[in-house]
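Here is how names work: the chains are called A, B, and so on, in the same order as the sequence lines, proteins then strands, and each is numbered from 1.
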There are 2 protein chains.
Amino acid sequence: MSEEPVLIAGEWRKAEHPLGTFTAVDPATKAPLAARYPVSSFDDLALALRAADDAAAALRNVRRDDIARFLEQYAREIESETDALADVAARETGLPASPRLRQVELPRTTNQLRQAAAAARDRSWCHATIDSKTNIRSCYAALGGAVVVFGPNNFPFAFNSVAGGDFAAAIAAGNPVIGKANTGHPGTTQLLAQCAHRALGACGLPASMVQLIYRTPPELGFKLVSHPSVGATGFTGSKGAGLQLKEAADRAGKPIYLEMSSVNPVFMLQGALAERGAALAKELYDSCALGAGQFCTRPGITVLIHDEDGASFVGELTAHFQRATPGTLLGESGLRAIAAGLSELLEHGAEIVTGGGPVEGPRFCFANTLLRVSGKSFLASPHALQAEAFGTVNMVVLADDLAQMVEIAGHLEGSLTGCVYSDSRGKDDDAYRRVAPVLRQKVGRLLNDKMPTGVAVSPAMNHGGPYPATGHPGFTAVGIPASLLRFAALHCYDNVRPHRLPEELGDRNPTGSMWRFIDGAWSQGDVAS
Amino acid sequence: MSEEPVLIAGEWRKAEHPLGTFTAVDPATKAPLAARYPVSSFDDLALALRAADDAAAALRNVRRDDIARFLEQYAREIESETDALADVAARETGLPASPRLRQVELPRTTNQLRQAAAAARDRSWCHATIDSKTNIRSCYAALGGAVVVFGPNNFPFAFNSVAGGDFAAAIAAGNPVIGKANTGHPGTTQLLAQCAHRALGACGLPASMVQLIYRTPPELGFKLVSHPSVGATGFTGSKGAGLQLKEAADRAGKPIYLEMSSVNPVFMLQGALAERGAALAKELYDSCALGAGQFCTRPGITVLIHDEDGASFVGELTAHFQRATPGTLLGESGLRAIAAGLSELLEHGAEIVTGGGPVEGPRFCFANTLLRVSGKSFLASPHALQAEAFGTVNMVVLADDLAQMVEIAGHLEGSLTGCVYSDSRGKDDDAYRRVAPVLRQKVGRLLNDKMPTGVAVSPAMNHGGPYPATGHPGFTAVGIPASLLRFAALHCYDNVRPHRLPEELGDRNPTGSMWRFIDGAWSQGDVAS
C-alpha cells in the first residue's frame, strides 16, 4: 500500500526520502489501521522551512481581513466534514464520536478558529502603543518565520497541530504554520489539513501558510525547532519530549511554548467536606475520569485533612473509582506511562486504595486508580510524589492538620491549575487565607469550588502556569486574544515616516474600533492631530 | 583594609566566608581604588535567597501605593546624593561627572523610578482581564520569588542592578530584587543600595526587598539564576556571560531576560547621501562616539551603495573618526574586547580605514576605528563580520547595488535597532520598500532618519529584539509599563469568591482610573452589575 502524502509548499506530495512509515492503531480493538504515513527526513523539513519563509514574506502584504476570512472558511470546511472527522478521530483515539468529538470538541475547535478570526480582524490583540509626543510607536507583529506546532494525543481537534489553539493563535498573529501531526491520529490531522488547504485556496492566501508532516525522528525535531527559519514552536505533550525540544530551541534562542505536565492539586478544606463531602467525591471522580483521565487539567492530587469527614470522603471517592467502568486510553503507550507513574508513586510511599493495573481485554484500558499517602510521606519525597500518571488516577494526600496542608502546598511544583473547595458559608475562610496564597504561586489558574477540567475559551483564561507545567509563567495556550502574544515579536517604530507605518500604528484607527494605547490611555479613536 | 559589607536580609553585613576580594580601577588613571569588595560565596547567596522568599511573601500584603511611595522616596534619596554619586561613578567608570552622569544619567534614573512608581500606583500594567459571564478573571502579578539583576558596566545609574530599569520594573511589579553589582562600579552600586535601604526604612517596606552582592564566581551565578527561590533574572552585559547564564536558567525553567549584543545596522540610502551626506557623516560619528562608543545601541555597521556619494560620505566619516579625541573606556577589559572583535572582523575581510589600536597613555583608550568591507565579502562571512567591538568602532559595508543591500539586510543577526536614512523628498521610497521589510524582522526598533543611541523611556519604546540581541523578541527592557511584564506571571482566578479576589480583579475599579479589559473592552469603570 502506498504512503499517504505530506502537505508541503502548497501541495500534497510524496515525502522526500522518508525514513520509514507508521500506522495508527485503533485503541478500542488494538488493531493497526490501514493507512501508512511517512516518517519525514530532513528533506521534507527543509522544503517546508523554505516554503514557510516565502509564506512569511507574502503574509506581510496580506490584509488582516483575509486572514480572518480564511479562519472562518476553515471553520466551515471542518463543519462540512463533521461526519468524516468524528469517524476517523474516534477510530484513531478511542474517544466517543458522540457526544465528545461531534458535539463537544469539534464545535470548540471551530469556535476557537472563529474567535481567532475575530481577533485578527479586530487587531486589538497587538497592543498598538503610540507615544505621539516622541513619535515612537510599537505593536506586536508576526515573527517573520514559521511557527512549528506539535499537537498532543488527547484532543484530536481542539489542540490539533493544524486546527487547534496553537494553530489558530499562530495564524491569527500572521505566521505560517508547520504542523507535526500527533502520531496517534495522523488520519484526523490529514483530513483537517485538507480542509485548511481548501480554505486557503478559496481565500487566495499563500498555500504554504499551512503545512503538515506526520512524524520525524527526535533529532530532526530538535533541528527543526532550532532552525533559523523558525519563529517559534508550540508544543503540547509529554514532559520528556517537551524538555528535549526546549533544550534545542533554547540553545538557538528560539521561543518555545510548552504545555508539558501538571498534577492539578485540589485542596478540600474541612468545612467543605463536612458540608458536602459526598457530592464533592462524585464531582472529583467525574473530573478525574473525563476522557479516561487524559486531560492536561485532570486533578492528580487531592489534599485533605485526615479527620472523620476526610475519611468518609475518601470512602465515597473510592466507591466511585471502583464502581465506574474505566475508559479506553488513547494508545498503548498510555498504559506504559501510567504504570511508570504509579511505580514511581508507590516506590515513594503511596499506597493503592483501588485499581493499580491494566484491564485485560480488547481495548487499551487501565483500572481506575486511587492512591493515598500521608502528608509526612509526601513532604519526604515531594518531587517523586508528583510524578504524572496520565489516566483516571488520583492520589489523596492525608494531612495531619492545616499547617501541614499549607506546607504541602509549598512543596508543589508548577501546575496549570489548583483548586480550593471550602464551606459555602465562610467557615473555611481562615484556612483559605493560609492555603490559597501559597497555592497561588504554584499554578496558572486558581479555582474555587469548581473542578479544573473545563478550560473555557475566554479572554481571561490562563491555560499555562509555572515550570514544569509550561516553559514560561507569563503565557497562556488557551484564551483569545492573549494566546496570540506567544507567536509575536514586539516591533517598535521610532520617527518612522507616517506613510511607512503599519496601519495599526498610523494616526487613523484602521478599523474604527481597534483598541490602541495612545499617550497613556486605551482608545478606539484616531491619534489627535 | 577591611572589606565592604554586602546588603543581605535588610542588614549591611560582612560577607559570609568570602572567596576573595577585588577593587575597582579608575579608568582615567589605571589606578586601583582603595575600597575592597568581597567575592560572595554561596553562603551569601543562600541567605539572600531565603530573605527574598520572606520578602516575596510579605509583599503579597503590601499596598501598591506603598511600593510606589518607596520608589519615589528612593528617587529623592538618589537626588540628595547627587554629588557623591556623580563623584564615585566618574571615578569608577571614567564617564564625565558632568554633563553625562549628573545632568543626563542621574535624572534619567530617577525619572525611571518615578515612572515605575506611577505604574505601580496606576496598576494598568497588569492587564486585568475580566470575563464577567464566566466569572474568569486574570492579571499579571509578581513572580513570588526574587528577581536577580545583573547590571552592565556602561550605565552605572540607569541600568544599575539596584537602581536601573530592570530594578525599577521588578520592584514595581511587586518582586524583591537581589542585585549583583557590576564589578566595574561597586562603590556606585553600594551608594545606590544605601539610598534604597534608607527609602525602604522610611516607607516601612520589607528591608529584604533590595539586597546587594558585588561579585560571585560564574558557577555560583549559574546556581543563583536557576535556584528554586528565584522568579526571574534580568541581565545586561556581554554575550558570552549572558549565554552561559541563559543556559543555566533555561535548564531550570526560570525566565531570564538578556540584553547581550547588537550591531545596530544603519542603512544609508542613495538619495539621503546625495542630499545630506556630510551632515549624516557627522551625525553617525557623534552617535558612534557617545560614551566612548560603549552604548548597546551604538551603530556598528553602516550599509551603503558604493557610488560617488557613498565614497564621499566615507571620506567625511573617516575625517570625523580621525579628528576627534577618543574617549576613555570603562575598563581594561574593554581594550581586550575591542581588539578581539577587530581581529575577528579583519580576519574575515574587513579593512581598517582609520584607527585599529590602543592609545598609549595614562587612561584606557582605544583609537576611533573605522573599517570597511565589500558587500560580497560581508555576504561570504556574515556571522563573523557581525562580531561586536564595543567602542568607537564602525564598519562600512559597501554594497554593489540595492539588490545586494537587501541581501545584506537578510543576513543580519538580531539587533536592538536598525536605521534607514532616506531622501527627505521621497526619492528613496522604492528602495525603502525593499530594504525596510527585511530589516524590520531583524531588529526590535526600526528608525527613520535618526540615530539609535537615544533610548527614550516611552511606553512605546522597545529596547529589545530578536536573538542574539536578547533572549526573547517579545519583551522590552526600557519603557514603562511594558518592561514590568518581564517580571510577572499570569494569574487566573476561575469562579473565585469575590472577597478573595485581588483588588485589581474585583467588580469595583480599585483606583477609579485603572484600565481593565472587561468583557472585551478596555474600561476605567467598574464591572457592570
Side-chain angles (χ1 to χ4, degrees), chain A residues 57 60 129-131 134 136-138 140 143-145 246-247 250-255 414 417 432 436-437 440-441 444-450 452 456 458-462 464 466-468 471-476 482 485 488-497 500 515 517 520-522, chain B residues 57 60 129-131 134 136-138 140 143-145 246-247 250-255 414 417 432 436-437 440-441 444-450 452 456 458-462 464 466-468 471-476 482 485 488-497 500 515 517 520-522:
Chain A
R60 287 178 208 144
T129 301
I130 297 175
D131 181 346
T134 59
I136 301 176
R137 300 167 190 235
S138 62
Y140 292 98
L143 291 162
K246 177 176 174 356
E247 186 173 348
D250 284 344
R251 202 179 289 271
K254 292 291 178 185
T417 70
Y432 185 93
R440 174 68 279 181
Q441 302 303 324
R445 178 165 53 116
L446 179 72
L447 300 98
N448 277 187
D449 308 304
K450 186 179 172 186
S458 157
M461 176 50 64
N462 181 14
Y467 182 87
H472 193 296
F475 292 97
T476 177
L485 295 174
L490 186 56
H491 279 184
C492 176
Y493 296 81
D494 188 343
N495 199 44
V496 168
R497 301 186 193 176
R500 295 170 175 174
W515 285 99
F517 193 66
W522 286 97
Chain B
R60 287 178 206 142
T129 301
I130 296 176
D131 181 346
T134 59
I136 301 176
R137 300 168 190 235
S138 62
Y140 292 97
L143 290 163
K246 176 176 174 358
E247 186 173 346
D250 283 344
R251 203 179 289 271
K254 293 291 179 187
T417 70
Y432 185 92
R440 173 69 279 182
Q441 303 302 323
R445 179 165 52 116
L446 179 71
L447 300 97
N448 277 187
D449 309 303
K450 185 179 172 185
S458 157
M461 176 49 65
N462 180 15
Y467 182 87
H472 193 296
F475 293 97
T476 177
L485 295 174
L490 185 56
H491 279 184
C492 176
Y493 295 81
D494 188 344
N495 199 43
V496 168
R497 300 185 193 177
R500 295 171 175 173
W515 285 99
F517 193 66
W522 286 98

Between chain B and each of [options], count heavy-atom pairs under 4.5 Å; write down the option with the most.
| options | result |
| --- | --- |
| A/R445, A/R137, A/R440 | A/R440 |
| A/P466, A/G444, A/G144 | A/G444 |
| A/G145, A/A521, A/G414 | A/A521 |
| A/A252, A/A482, A/G520 | A/A252 |
| A/I136, A/L485, A/T417, A/V496 | A/V496 |

Side chain from CB out, backbone as N, CA, C, O: work out which of these in A/Y493 comes under 4.5 Å of a heavy atom of chain B, or both, or neither.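 For A/Y493, the contact with chain B is made by backbone and side chain together.
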Heavy-atom cut-off 4.5 Å, strictly under: side chain, backbone, both or neither for A/H472 against chain B?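 Side chain of A/H472 only, per the 4.5 Å heavy-atom cut-off to chain B.
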Return the minimal non-hydrogen interatomic distance between A/P459 and B/F517, and the atom names on each side.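 Closest approach of A/P459 to B/F517, heavy atoms only: CB-CE2, 4.4 Å.
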Is it the backbone or the side chain of [X] that comes under 4.5 Å from a heavy atom of chain A, or both, or neither?
| X | result |
| --- | --- |
| B/P468 | neither |
| B/R60 | side chain |
| B/K254 | neither |
| B/W515 | side chain |
| B/A436 | neither |

Please check: side-chain N/O of [X] versus main-chain N/O of [Y], any donor-acceptor pairing under 3.5 Å?
| X | Y | value |
| --- | --- | --- |
| A/N448 | B/R497 | yes |
| B/T129 | A/A460 | no |
| A/D131 | B/S458 | no |

So how far is it from A/C492 SG to B/M461 CE, rounded to the nearest 0.5 Å?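 Going from SG on A/C492 over to CE on B/M461, the span is 5.0 Å.
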Under 4.0 Å between a side-chain nitrogen and a carboxylate oxygen: does that hold for A/R251 and B/D250?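 No, no charged N to carboxylate O under 4.0 Å.
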Select, from B/R500, B/E247, B/K246, B/Q441, the one with the greatest count of heavy-atom pairs under 4.5 Å involving chain A. B/R500
Would you say the side chain of A/L490 lies within less than 4.5 Å of the side chain of B/P473, judging by non-hydrogen atoms? no
Walk me through whether A/D494 and B/K450 qualify under side-chain contact (heavy atoms from CB on, under 4.5 Å). CA-CA 8 Å; A/D494 188 343; B/K450 185 179 172 185; 2.7 Å; yes
